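These notes concern the structure reproduced below.
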Amino acid sequence: MSGKESTASKQSVVDDLYAESAHWNLNAGEETIHAKRMGGYWRKVKWLAAFSWIIFFIGPYFQWGDRQAILFDIPHRQFHILGATILPQDFWMLSLTLLFFALLLAVATALAGRVFCGFFCFQTIWTDVFTWLEENLEGKPQKRRRLDKAPLSLSKITAKTTKHLIWLLISVLTGISFVAWFYDVFDLWRDLFLLQAGSVAYGTIALFTAGTYVLAGYMREQVCFWLCPYARIQGVMIDKTTVVPSYDFHRGEPRGRLRKGQSEEERTTGDCVDCKQCIAVCPTGVDIRHGQQEGCIMCALCIDACDEVMGKIGRPKGLIRFESYEALEANKKPQPLYKRARVWVYSAIMSLALFGIAYGFTALAPLELKVIHDRQPLFVLQSDGSIQNKYTLKILNKMTTDITVTVRAEGPEGLVLVDEDLVTTARRGKVTARTVFVRVPKPMLSAETTPIVFSVQGEHDNQMLQGSRQSVFIGPKR
Amino acid sequence: MADNNPFPGENNTGHIWDDNLRELSNPPPRWWMIAFWASVIWWVVYGVLYPMWPVGQQPTQGIMGWSQMDEYKQGLDEVEAVRAEFETQIKGMTAKEILAAPGLSQYTVASAKVLFGDNCAACHGGGGQGGPGFPVLADDDWLYGGAIENIQQTITMGRKGIMTAHGKLLSDAEIDSLANAILAGNPTSDPNFAQKGCIACHGMDGKGMVVLGSANLTDGIYRFAPAEGESQLDTIKYTIKHGVNDVTEPKTREAVMPSFSGRLSEDDIKKLAVYVYKFGGGQ
Ligand code: SF4
Ligand code: SF4
């Protein structure tokens, strides 16, 4: 008997597995998803978020003084951000910036899921714009599906060509706008038309054009499914307390079609009318009613769709809503933000990074000095009995004009800077090297090495600029 | 085998293990095949454009005519073009004029480093710090003068100082006393210095004479630095006893700066003179 029982239970386990796998819709891109577009609250939010990308297109045209406000000048190895010039020496600030944004992603994801994916990611937004164009040129999803299947005809060719041309135009603009952050934008346009912009510029534009066109035009949700690492990274940052678009299965199940003439009182089904609108609008083809899943980019469009349906049939909205797993499953109220350790830790690191960047910007010295002590020989005895050390000063001038600087040194008593001419021109945006000799009478040296501080001073726009650096003065062994 | 395939119609290869583990012959994804053929095309185009196939001694040259050697030479030409400007200027100038022109002297210091390394550093050290038996170039005590012309002449003609070995002329006690006076930086305090004729070469004040290349004995800088385990006093005594370049004395000190006029061009010597001057001791 027991043998039979175990076979039966085994069978039921397997049945469960099969039932589960039936829901498993492996989207490998065989079929283009033509998502329905509906209005709604989240739709508006999505457009607003998308709008922030306008900066990407118009940002390069802003000027600051006599140059582009933000220019990542790679050939000259300097970044201009408004009034500040950032040289490779200041790149630690870039790491802090990256740290800040990495954590911003982490904290946003921990609290509200893949907000980045659903609202800010260029893949989502460009795809959104591309499909919006598609809808306007070729019609609603039904019509588009029919058009895709229809035999080639003149009208089909016209519709498709227009669409592809506009897609390409957007792609090219994307490429040019990207390059414009690295290349003076007005020069870029001129050079592009005169065909003299250089192979790197053309190559980059070509790559971005092809990338935009293929990724937003054809690959679409496939990128999020199979290519994008952030999709998976954000996936693991989500926990039970994260608020994500969820289907309230307690309320919705058992789902059932609306029956004519049935009154609300005698209804035995849940709130879900199985209209499949949430699937129809989903840009990644996900059925949110199966719960959170990898394909969902949390764009909240299904919320809009469901709310609209609920509104029409007079049931309360929010069958699909932003809710945490904990709240849905255990009906537990989520902990307030200030009680979550994650929030504190993330915010602490983020403020540290911000603080560092702010400090970096205020401490960006326009003049920087590095001092290299000559090693061969470490010191030389001179005929007047003094000890001479040789140093190479590297003066970094971050200003846009050359600055005349005077070299000074402070150290052991009796110190003399040997050179007749201690005035040097520090070339703009460059490191200027110069050699200096320092002599100290031997009796004044009380130790083998004595600290010595070099400084350079110069005037720029009636402002005294200074850079200094400590080094050592080396004498004979005692 | 195909006849009794237990899983017909699912395009398996007929290789079946453990009853139901079977190998399917699904085609690779399309994007994969596209990438595969694209790389094949890339490879063919590359082979036509660039050197690729080993044929006999030489590979096929490719129709672009590109070669690594050409690219290297081009790079070299670019550098030479930048240098040429300075080099032509240097040709027409004296070492002193080069020194006075800041841009040129900077160029010279940067570019003569290789010359110095090849020709001078073996004896004088990479930074002119000298070595046992070889003088320091970074200090301002010069046997033959530290003006740029003197330095240029020294490199061009070479130098060979002479000091008679005094081992047979002086008693040990006299040598001892002289050496101690020199070490104290005050050779004239020893009456022997005048009486035994040291002043003839080293001068009444013991400060040496540039025309003779005789050393300044008062400044604590010594032509011959002590070797390992020796004291400065020992080396002074040795020099007095055995002299310098004295052919009659087998243990004499050898101190010869060879002439570079035959080995280096005049321009190179000018550059080296500037380079040495800039070690910090030029006068
Ligand atoms: S999965 Fe990746 S590409 Fe897709 S929306 Fe999210 S971040 Fe963007
Ligand atoms: S399931 Fe909903 S939230 Fe998720 S991607 Fe689809 S429409 Fe957006």
Side-chain angles (χ1 to χ4, degrees), chain A residues 26-30 210 214-215 218-219 222-223 225-227 372-395 404 416-427 430-443 474-477, chain B residues 26 29-32 34-35 38 99-100 102-103 105-110 113 116-117 120-121 124-131 134-143 145-146 184-186 206-208 210 215-223 225 232 274-275 277-283:
Chain A
L26 187 72
N27 179 351
E30 303 87 355
V214 172
L215 295 185
Y218 293 93
M219 307 263 309
Q222 292 298 303
V223 174
F225 265 96
W226 313 117
L227 281 184
I372 302 164
H373 190 285
D374 211 49
R375 293 158 175 270
Q376 261 189 332
L378 284 172
F379 63 89
V380 183
L381 174 66
Q382 297 295 338
S383 49
D384 63 359
S386 63
I387 304 293
Q388 177 168 296
N389 278 205
K390 183 180 177 186
Y391 302 86
T392 307
L393 305 189
K394 303 229 163 179
I395 310 161
T404 311
V416 193
L417 275 168
V418 179
D419 300 67
E420 334 69 69
D421 181 22
L422 286 161
V423 176
T424 299
T425 308
R427 285 167 301 146
K430 283 217 166 81
V431 174
T432 309
R434 69 154 297 157
T435 313
V436 272
F437 296 99
V438 177
R439 278 186 199 175
V440 176
K442 203 169 163 188
I474 300 183
K477 280 215 174 69
Chain B
N26 287 332
R30 187 142 50 113
W31 66 265
W32 196 92
I34 292 175
L99 203 56
S105 65
Q106 219 175 20
Y107 165 79
T108 308
V109 170
K113 195 177 172 137
F116 189 85
C120 321
H124 293 289
Q129 72 270 39
F134 302 103
V136 178
L137 302 180
D139 63 24
D140 62 347
D141 181 356
W142 302 89
L143 294 171
N186 197 1
K207 289 195 169 157
V210 166
N216 180 348
L217 302 178
T218 64
D219 62 5
I221 300 174
Y222 302 97
R223 166 66 183 81
Q232 188 63 58
V274 172
Y275 190 79
Y277 183 98
K278 285 281 191 179
F279 272 141
Q283 287 159 344

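Just so it is clear, the model here is predicted, and its values are computed rather than measured.
- Top candidate by heavy-atom pairs under 4.5 Å with chain A, chosen from B:G280, B:G281, B:G126, is B:G280.
- Applying the side chain to side chain donor-acceptor pair (under 3.5 Å) test to B:Q129 and every residue at least two apart in sequence or in another chain returns nothing.
- Residues of residues 381-391 of chain A that come within less than 4.5 angstrom of chain B, heavy atom to heavy atom, are A:L381, A:Q382, A:S383, A:Q388, A:K390 in numerical order.
- Atom-to-atom distance recorded for B:W31:CH2 and A:M219:CE is 9.0 Å, nearest 0.5 angstrom.
- Top candidate by heavy-atom pairs under 4.5 Å with chain A, chosen from B:G130, B:G125, B:G127, is B:G127.
- Scanning for side chain to side chain donor-acceptor pair (under 3.5 Å) contacts around B:Q232 gives B:T235, with sequence neighbours left out.
- Applying the ring-ring contact (aromatic ring centres under 6.0 Å, His included) criterion to B:Y275, with sequence neighbours excluded, gives B:F116, B:F279.
- Ranked by heavy-atom pairs under 4.5 Å with chain A, the first of B:D141, B:D140, B:D219 is B:D140.
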